[in-house]
Student: 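Sharing a structure with you now.
For the numbers below, each heavy atom of this structure counts, side chains included, while hydrogens, waters and symmetry mates do not.
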Amino acid sequence: MTRHREAWISQSLRADARPTVEHRLIEDLGEPGYRLLRPIPAEISEVGPRTFEASFAAANIAMAGDDTDDVFQGLVAQVRYTFDAFAAAEPLLGRSAAEELRVLRRYLAKV
């Protein structure tokens with residue numbers, strides 16, 4: 001399991017006072033071979049009953065699931081996968097994917 005430290009929590013409250021949004025920082029990519037240049041902001045939102053989405057909006061990466069920790073870990077894995085896939089295909093990327101790779105390179109690098 002990737003270690004992470006919750007940096008802050010911002011809660012949007014519904015009428016039943018349950019939190020619907022949580023902000024975390026990805027501070028460990030969970031695998032060797034990567035260097036984190038700065039913490040990656042992640043947002044976990046409750047999008048339905050027992051359904052959560054974790055996202056790194058600036059890079060257009062998101063994961064959904066039924067547990068906040070699982071979607072956060074899935075997001076960490078998806079950030080690594082997207083970075084590797086886009087970097088390997090860089091000459092072929094369209095405008096949107098190329099911009100996502102530029103965003104990712106502000107946060108992480110291969111070592």
Side-chain angles (χ1 to χ4, degrees):
M1 177 182 259
T2 302
R3 294 171 310 192
H4 67 274
R5 176 178 56 86
E6 291 183 24
W8 74 98
I9 296 177
S10 170
Q11 297 180 343
S12 300
L13 299 177
R14 295 190 317 226
D16 59 0
R18 290 189 336 202
T20 59
V21 177
E22 177 182 343
H23 297 271
R24 295 187 189 182
L25 292 175
I26 298 172
E27 295 184 315
D28 182 346
L29 292 170
E31 285 190 13
Y34 300 91
R35 184 179 74 198
L36 202 57
L37 304 174
R38 67 175 83 175
I40 298 171
E43 181 176 285
I44 300 173
S45 302
E46 186 176 5
V47 295
R50 295 189 44 109
T51 305
F52 300 90
E53 179 183 85
S55 63
F56 173 28
N60 197 29
I61 300 172
M63 299 292 296
D66 60 5
D67 177 271
T68 59
D69 289 329
D70 287 347
V71 295
F72 183 75
Q73 297 306 320
L75 179 65
V76 172
Q78 190 63 38
V79 165
R80 289 189 315 260
Y81 172 81
T82 302
F83 180 79
D84 289 343
F86 284 4
E90 187 170 8
L92 306 173
L93 296 178
R95 180 177 290 166
S96 177
E99 177 57 27
E100 291 169 25
L101 180 58
R102 278 191 289 280
V103 169
L104 287 167
R105 284 188 167 144
R106 286 185 241 153
Y107 289 90
L108 66 143
K110 288 289 268 190
V111 291

Student: Side-chain contact test, heavy atoms from C-beta onward, threshold under 4.5 Å: evaluate it for Y81 versus I61 and give yes or no.
Tutor: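 No, their side chains stay 4.5 Å or more apart.
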Student: Going by heavy atoms in the side chains, are D69 and R24 under 4.5 Å from each other?
Tutor: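 Yes, close enough: below the 4.5 Å cut-off.
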Student: Taking atom CD of E22 and atom CD1 of I44, what is their separation to the nearest 0.5 Å?
Tutor: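 If I round to the nearest 0.5 Å, the distance is 5.0 Å.
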Student: Would you say the side chain of K110 lies within less than 4.5 Å of the side chain of D84, judging by non-hydrogen atoms?
Tutor: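 SC-SC contact between D84 and K110 confirmed.
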Student: Please name the pair of heavy atoms, one in R95 and one in R102, separated by the smallest distance, quoted to 0.1 Å.
Tutor: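 Looking at all heavy atoms of both residues, the shortest contact is O-NH2, 4.5 Å.
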Student: Please check this pair: side chain of R80 against backbone of L29, looking for a donor-acceptor N/O pair closer than 3.5 Å.
Tutor: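 Yes: the side chain of R80 pairs with the backbone of L29.
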Student: Is the backbone N or O of Q78 less than 3.5 Å from a side-chain atom of T82, with the two atoms forming a donor-acceptor pair by type?
Tutor: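 Flag set: sc T82 to bb Q78 pair under 3.5 Å.
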Student: How far does CD1 of I40 sit from OH of Y107, to the nearest 0.5 angstrom?
Tutor: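 Atom-to-atom, I40:CD1 and Y107:OH are 8.0 Å apart.
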Student: With a 4.5 Å heavy-atom cut-off, do V79 and L104 have their side chains touching?
Tutor: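 Answer yes - side chains close enough.
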Student: Just verifying a value: how many Å separate F83 CZ and R105 CZ, rounded to the nearest 0.5 Å?
Tutor: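 Going from the CZ atom of F83 to the CZ atom of R105 covers 5.5 Å.
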Student: For the residue pair V47 and E53, what are the closest heavy atoms and their distance?
Tutor: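 For V47 and E53, the tightest heavy-atom pair comes out as CG1-CB, 4.0 Å.
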Student: Measuring from F56:CZ to E100:CD, what's the distance to the nearest 0.5 Å?
Tutor: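 CD of E100 is found 10.0 Å from CZ of F56.
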Student: So, taking the atom named CG in D28 and the one named OH in Y34, what distance separates them when rounded to the nearest 0.5 Å?
Tutor: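 Output value for this atom pair is 12.5 Å.
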Student: To the nearest 0.5 Å, what is the distance between CG on D70 and CG on L75?
Tutor: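 Answer for the CG-CG pair, D70 versus L75, is 12.5 Å.
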Student: Please report the shortest heavy-atom distance between A64 and V71, naming the atom on each side.
Tutor: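 The pair with the smallest heavy-atom distance is C-CG1, 3.4 Å.
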Student: Below 4.5 Å, heavy atoms only, C-beta onward: do V21 and E43 meet side chain to side chain?
Tutor: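 Result yes, sub-4.5 Å side-chain heavy-atom pair found.
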